[in-house]
2 protein chains.
Amino acid sequence: MTASRTARERVRAELTREITDIARRQLATEGAGGLSLRAVAREMGMVSSAIYRYFPSRDDLLTTLIIDGYNALGAAVERAEAAVPRDDHLGRWLAACRGVREWGVAHPHEYALIYGSPVPGYQAPQETIEARLRDVVVLGRLMTDAWQAGAVRTPEEEAPPQLEPDIAGFRELMPGVPDPVIWRALSAWTSLYGWVNFEVFGQFNNTLHDRGGAFEHSMRIAAGTIGLAQ
Amino acid sequence: MTASRTARERVRAELTREITDIARRQLATEGAGGLSLRAVAREMGMVSSAIYRYFPSRDDLLTTLIIDGYNALGAAVERAEAAVPRDDHLGRWLAACRGVREWGVAHPHEYALIYGSPVPGYQAPQETIEARLRDVVVLGRLMTDAWQAGAVRTPEEEAPPQLEPDIAGFRELMPGVPDPVIWRALSAWTSLYGWVNFEVFGQFNNTLHDRGGAFEHSMRIAAGTIGLAQ
DNA sequence: CGATCGTCAAGAGCAGTGCTCTCGTTTCTT
DNA sequence: AAGAAACGAGAGCACTGCTCTTGACGATCG
């Protein structure tokens, strides 16, 4: 049940991979709306109905691309953050931010697919949750390290008590970090993705020019909001 | 050239308005991808080709909806912020934020149209720039007032000098406000829209529950980042 | 008042889409 | 070797945006 079966399954895996590769290329050039199963089939020299042997629907193919996108972004953030010395917490934060931004501007359509408006009737969430957490896991580890090292200023305000159960998920990602700090990290997080959304989706066109520099400064401000000592 | 001509032009304006109304309703239920000229025509009892007498293309109809969306959001923000006493600068900031969020969650598809991923090959920017500034104009006035009233703490860091020409557009919106403060306002701005993007696009599903409360707290943190005295 | 000219709705049609079904063929399993 | 499962090809359905032509209505000018 191994060699012979894998003979067929190997070509199946090969073709599946080829489909997703072509689809990703189409996505990168045309955008999500321009992704066409027939065009993919045409480029493969297949007939359109044959694609359905590998993906039951167009949305299913899109879901695969979404998961791939989350993983690619997560990997980029992990790689960027890992290149900084562990005790340079501000540097780790800035590197992670840069990782998000640079991946986003390099792959705008894929970024739009995962952080933009949900394209159809939004589908298949369950399989994506694991992949989608990779970037925020990086933030959690970084915050945990910084807090344990005493490198985080405790904010003046208190966490609203009625919101205590709401951030349980985030608390697991940063064990030991007090709630007010978690809230500030979350706020900085939205600032990061708000910026990248603005830039990738073209809201900064004809406005900001040195976007890399402006982003850097903005993320330093966000680090200050978190209370990260420089 | 007045009465008789307007007789025809009146029914034309009437039909144009009816088309956009139906299109907006379809947009609200189906999303941008599900907006179909043929469906609009069907609902009006017209034949599909007749629509093209009023809108030269589907993208053109979408552009109209985008401009309407910017204006609706801008009006909502203006209304929310205007209801707060002029000298309560923190309250004005929070009200403006609430205006953005509440309009976004109430009209998710329209919000996605204007702040989400650009749907086709992004089109017609020039006519939208005026309408799209209405919300940020509110922020600018609020910041100007707060600064003149001495209600803004001057940040410790300096503005990066090489970015000085980059925020010229924002400087016009807040005359007299020093650059470091402008940068912090911009950072809070991205935090606001980052949050609303996350919420409207479903990134907070199964995570945050009391989103209104969490949003409020996050925007208070953002106000602290700006340096708005409470 | 009557001719004219622009505006309009309707219809047919083109090229493209996602998706389904059927029909032989190939490949693997037993 | 026989049966079962997987596969590619093709035709076809319902839908889309968009174009072109045709005929009718209504406003304008001689």
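Just so it is clear, the model here is predicted, and its values are computed rather than measured. In what follows, chains are A, B, ... by sequence order, proteins preceding strands, each numbered from 1.
Nucleic acid contact class of A:Leu35 (heavy atoms, under 4.0 Å, all strands): sugar-phosphate only. Across all strands shown, B:Tyr54 has heavy atoms under 4.0 Å from sugar-phosphate atoms exclusively, and none from any base.
Donor-acceptor pairing under 3.5 Å is lacking for the side chains of A:Tyr70 and A:Asp135. Between A:Asp60 and A:Tyr54, the side chains place no donor N or O within less than 3.5 Å of an acceptor N or O (distance only, hydrogens not considered). With hydrogens and angles left out, the side-chain atoms of B:Thr225 and A:Thr225 include a donor and acceptor closer than 3.5 Å.
Residues from residues 38-53 of chain B that place a heavy atom under 4.0 Å from any atom of DNA chain D, listed by number: B:Arg38, B:Arg42, B:Ser48, B:Ser49, B:Tyr52. Across residues 15-28 of chain B, B:Leu15 each have a non-hydrogen atom less than 4.0 Å from an atom of DNA chain C (numbered order).
The interatomic distance linking B:Arg10 (CZ) with C:dT7 (P) rounds to 19 Å, in whole Å. Atom CZ in A:Arg8 sits about 6 Å away from atom P in C:dC28, given to the nearest Å. Atom CZ in A:Phe55 sits about 13 Å away from atom P in D:dC7, given to the nearest Å. One interatomic measurement links the two molecules: CG of A:Asp59 to P of C:dT17, which rounds to 16 Å at whole-angstrom precision. Distance CG (B:Leu37) to P (D:dT16): 10 Å, rounded to an integer number of Å.
Judged purely by atom type and a 3.5 angstrom limit, A:Ser187 has no side-chain atom pairing as donor or acceptor with the backbone of A:Trp183. Looking only at distances, no side-chain donor or acceptor of B:Thr16 sits under 3.5 Å from a matching main-chain atom of B:Glu14.
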For A:Val105 and A:Tyr111, what are the C-alpha separation, side-chain angles and deciding distance, and is it a side chain to side chain contact (heavy atoms under 4.5 Å, CB included)? CA-CA 8 Å; A:Val105 301; A:Tyr111 182 86; over 6 Å; no

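Applying the salt bridge (charged side-chain N to carboxylate O under 4.0 Å, His left out) criterion to B:Glu81, with sequence neighbours excluded, gives B:Arg86, B:Arg92.
Within 6.0 Å of atom CD in A:Gln162, more than 12 heavy atoms from other residues, nucleotides or ligands are found, so the atom counts as buried in its surroundings.
In terms of phosphate contacts, A:Arg12 brings a side-chain nitrogen or oxygen within less than 4.0 Å of OP1 or OP2 of D:dC7.
Comparing D:dC18, C:dG18, D:dA5 against the side chain of B:Ser57 picks out D:dC18 as the nearest.
A salt bridge links A:Arg171 with A:Glu164; the closest basic N to acidic carboxylate O contact falls under 4.0 Å.
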